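One structure is given below, encoded as structure tokens.
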Amino acid sequence: MEVSALFKGLAISSLSAVLTMATFGPQQAHAQTQPDTTQMPWMNKTLSADQRADMVLGQMTLDEKIQLVHGTGWGVLRKGDPVPARSNFGAGFVPGIDRLHIPDINMADSAVGIRMAALQSRYATLLPSTLGATSSWNPDAAFLYGSVIGREARAQGFNMSIGGGVDITREPRNGRNFEYAGEDPVLAGTMTGELERGVKSEHVMSDIKHYALNDQETGRTVVNVLLDRRSMRESDLLAFEIAIGIAKPSAVMCSYNLVNGDHACENDYLLNQVLKKDFKFKGWVISDWAATHSTVKAALNGLDQDMPGDDNYFSAPLKKAIEDGQVPTARLNDMVRRILRSMFDAGVVDDPPVRSVVNPFRGRDDAQHIAEESIVLLKNSGNILPLQASASTSIALIGSHADVGVLSGGGSAQVDAPGGNAIDPRPGPSIWGKPVYFPSSPLRYIQAKSPHSHVQYIDGKNNAAAATLARSSSLAIVFVHQWMSEGRDAPTLSLPDNQDALVEAVAAANPNTIVVLETGGPVTMPWADHVKGIVEMWYPGIGGAQALANILFGDVNPSGKLPVTFAKSDDQLPHPVVSGMNADHAGKTVGDDQHHEVRPFDLKYTAGAAVGYKWFELTHRQPLFPFGFGLSYTTFGYSGLTVDNVKRTAQFTVKNTGTREGTEIAELYVALPAAAKENYKRLVAWERVKLAPGESKTVMLTMNPLYLSIFDTAKDTWQLLPGDYKVLAGASSSDTPLKATLHVQP
Ligand code: BGC
């Protein structure tokens, strides 16, 4: 049966059933001809990935090389486009070279779980948002996160994951912040690096994106980001540098936007000079979907693969450019070598994915575990939390579909909910632009925790009705949400749909009000002083309601801390209005084509490298909640900071001064000497410390010289300045009681 013919004229949901039954048996989709590999010296696993790649390259014809450096059309992503015969129905497909035993590349979007599983009647675990998982500050949790993605990608027949977003939170209203890892380059780079190591540990190729400075969605294909090189290297690019250093990812995806005048996918500075030369990146540069703008310029300036490929820049035109000598053959060989070595390096040639059934329970348990470390307790007045499970009380749950589910993020990070959207249960793939709730019911798990309590839900659409229920209850828990997606930015930091008024109405009716936030990133909270408890659970994933109930009732002591600053208002931000956003686009989800409706514009990032908490410190602004902040049901004390000038280590003691076991994230910041001309501190290290009541532990942290250095643009290299560095340790960026001095010798 011809897949493309089938695809046209069929609704996507019915297509999935037809395809599953009629077209693909479990293994058929990937049936590549199996050649005799005994005559193929590159199948010798004892050789290095580079050696093996070179051997294959030496056998390839020009046409075969061209075949590997571009994909074959949007396929499932754009209705009516043909789906390549061997495609696994993911976001991208590149046919392999059968005669040389080089596999197809089947790519799955997988920022927070595998996308488009429902199209094949498959299940994929929804993990907490990446920003949520970053709130754990736990590299092991990040590794686990990546390994869930790798494991499920394999089980679904994919050998490449395209996730790994690490664009830092320059624009807190960016619709994709939930896919990224926060505002600090060291935290974001470390967590993303571990995440991508987790993906590769399952023998799935990994990707880090969107390189670079793709920090907002508004006008993403036309915005020309202007930023000086020092600032770039010390902020956005540093996050990539760290993540790439840790994960050695298979690919890096260049972004839609322009940077200092050139599109990111044909930007010599970004791709050749920084990524490939300075970062020593050995994998390949893959374009974001339709982010390629030329053949010769892109090829010469560092792009290695054009995706999804239907713009034809890297197909026949590249072949012609090679034959004409406009692009040297050596450059094409370099592109192909990078792709091949990544295949050998990740293990997809030796250990290709075999379709099996995803284990939803294992995925849920992993997702819940990560969520429990990700939820951040922001306020706990009068110790309203944890709630007493044995109490017989009345609890009002209000708003955000807390009776049926938890919110997920949209766009290409959207994972399909099992059984369909919990608020509109219809099986089949998610619809672009429509918020999807996953079937993890806060009402059910809160009721289960407190069997003697009377737990009632009201939708929160009518403030007066919500207030009436709150007034007649002992406790009110208001769920508020901010749905975010690729293709749109939030017009403001305010919660949408007048939810601030809902919280105010409930808080006025019941002094025991707790707010639970399900947001993609930071939001403002004009009601913060009027409620007793505030819990940020982000988009918590398929185990979200269980994780929340465990936190609310104290079975799990919260330990997450904010990876982003929560401003009091939009006015506090370096750009009080999202650049390029006009009334037509505010808050709307736009398709890719509509991005072009925004006229090209320059976006000068005047804050330079002072992103997030650095900006707040530099400009003496007090945020609502600072970077690195999060409460626990116990308390911690800090003492005795000492610094070793030779080893560049810092040592201090953290003590659990409360009555419960808890985990504290101890943070270490450094302010550089005056010669750095940098008037803010930087996060350089941290550790999660688990402590029994009364217990103390010594924390020893190493200060990586890279994180203490400035980027010297004249010498085009990092420089560790001699002088006195102020070392600060404590519980958040705004609470660093311990101080010492690190002397760096000339
Ligand atoms: C997104 C990428 C995604 C790709 C394929 C693009 O629009 O920016 O993050 O991987 O589509 O779905």
Side-chain angles (χ1 to χ4, degrees), residues 70-79 81 83-84 87-94 105-117 119 124 129-130 149 153 158 160-167 174-181 192 195-196 199 204-223 240 249-258 263-265 284-293 305-311 409-416 429-433 484-489 520 589-596:
H70 65 92
T72 57
W74 289 92
V76 282
L77 288 185
R78 202 151 63 189
K79 214 173 167 194
D81 275 11
V83 180
S87 161
N88 195 39
F89 281 66
F93 175 73
V94 179
I105 308 179
N106 267 300
M107 306 175 184
D109 268 323
S110 43
V112 297
I114 308 297
R115 181 186 176 204
M116 291 193 293
L119 189 57
S129 68
T130 321
I149 288 174
F158 293 105
M160 181 168 185
S161 143
I162 41 175
V166 71
D167 298 270
N174 176 6
R176 301 190 81 169
N177 283 336
F178 76 92
E179 297 181 48
Y180 301 151
T192 306
L195 193 161
E196 292 305 318
V199 171
V204 166
M205 291 192 283
S206 59
D207 163 62
I208 291 187
K209 67 188 186 185
H210 306 90
Y211 186 75
L213 287 140
N214 182 185
D215 297 337
Q216 66 172 48
E217 288 297 282
T218 304
R220 67 176 176 177
T221 58
V222 293
V223 59
F240 280 92
S250 313
V252 166
M253 185 187 286
C254 52
S255 55
Y256 286 122
N257 53 294
L258 298 90
H263 277 103
C265 288
W284 85 92
V285 176
I286 180 174
S287 73
D288 199 344
W289 269 226
T292 307
H293 294 273
Q305 190 180 56
D306 174 33
M307 289 301 291
D310 59 350
D311 49 20
S412 61
Q414 182 70 63
V415 175
D416 294 324
S430 322
I431 297 165
W432 186 278
M484 300 292 264
S485 168
E486 174 181 347
R488 70 192 284 280
D489 296 320
T589 308
V590 292
D592 286 297
D593 296 340
Q594 288 160 288
H595 282 288
H596 298 290

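Note that the coordinates shown come from a computational prediction; the quantities given were computed from them, not determined experimentally. All values below come from the heavy atoms of this structure, side chains included, with hydrogens, waters and symmetry mates left out. When a ligand or atom number is given, it counts from 1 through the structure's own listing order.
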field: Main-chain N/O of S430 paired to D416 side chain as donor or acceptor, under 3.5 Å
entry: yes
- request: Return the set of residues passing ring-ring contact (aromatic ring centres under 6.0 Å, His included) with Y211 (not counting sequence neighbours), or none when no residue passes.
  value: F240
message: I need the atoms of ligand 1 closer than 4.0 Å to a non-hydrogen atom of R115, numbered in the order shown.
response: 12 (O)
field: Note, D167 side chain near L213 side chain (heavy atom, < 4.5 Å)
entry: no
- prompt: Which atom pair, heavy atoms only, marks the closest approach of G410 to F178?
  reply: O-CZ, 3.5 Å
message: Just to be sure I'm reading this right: ignoring hydrogens, which of N214, I162, D109 gets closest to atom 12 (O) of ligand 1? Compare them by their nearest heavy atoms.
response: D109
- prompt: Taking only residues two or more places apart in sequence or in another chain, which ones pass salt bridge (Lys or Arg N to Asp or Glu O under 4.0 Å) with D215?
  reply: R170
query: Can you list the ligand 1 atoms lying under 4.0 Å from a non-hydrogen atom of S412?
result: 1 (C), 2 (C), 3 (C), 9 (O), 12 (O)
Numbered atoms and elements of ligand 1 in range of R220, under 4.0 angstrom, heavy atoms: 7 (O), 8 (O)
- request: Take every heavy atom of M107, measure it against each atom of ligand 1, and state whether any distance is under 4.0 Å.
  value: no
statement: Under 4.0 Å from one or more heavy atoms of L77, ligand 1 contributes atoms 12 (O)
- request: Would you mind running through ligand 1 and noting each atom that sits below 4.0 Å from a heavy atom of K209?
  value: 2 (C), 3 (C), 9 (O), 10 (O)
- request: For M253, counting its heavy atoms only, list the atoms of ligand 1 lying under 4.0 Å from any of them.
  value: 10 (O)
query: With a 4.5 Å limit on heavy-atom distance, are the side chains of R115 and S412 in contact?
result: yes
task: Quick one: do E486 and R176 satisfy salt bridge (Lys or Arg N to Asp or Glu O under 4.0 Å)? Show the steps, please.
output: CA-CA 5 Å; E486 174 181 347; R176 301 190 81 169; 3.3 Å; yes
task: With heavy atoms of A91 as the reference, note each atom of ligand 1 found under 4.0 Å away.
output: 5 (C), 12 (O)
Within-shell test, E179 vs ligand 1, heavy atom, strictly < 4.0 Å: no
field: Polar atom proximity, R176 to ligand 1 (N or O, under 3.5 Å)
entry: yes
- request: Find out whether D310 and W74 are in side-chain contact, i.e. whether some heavy atom of one side chain is under 4.5 Å from a heavy atom of the other.
  value: yes
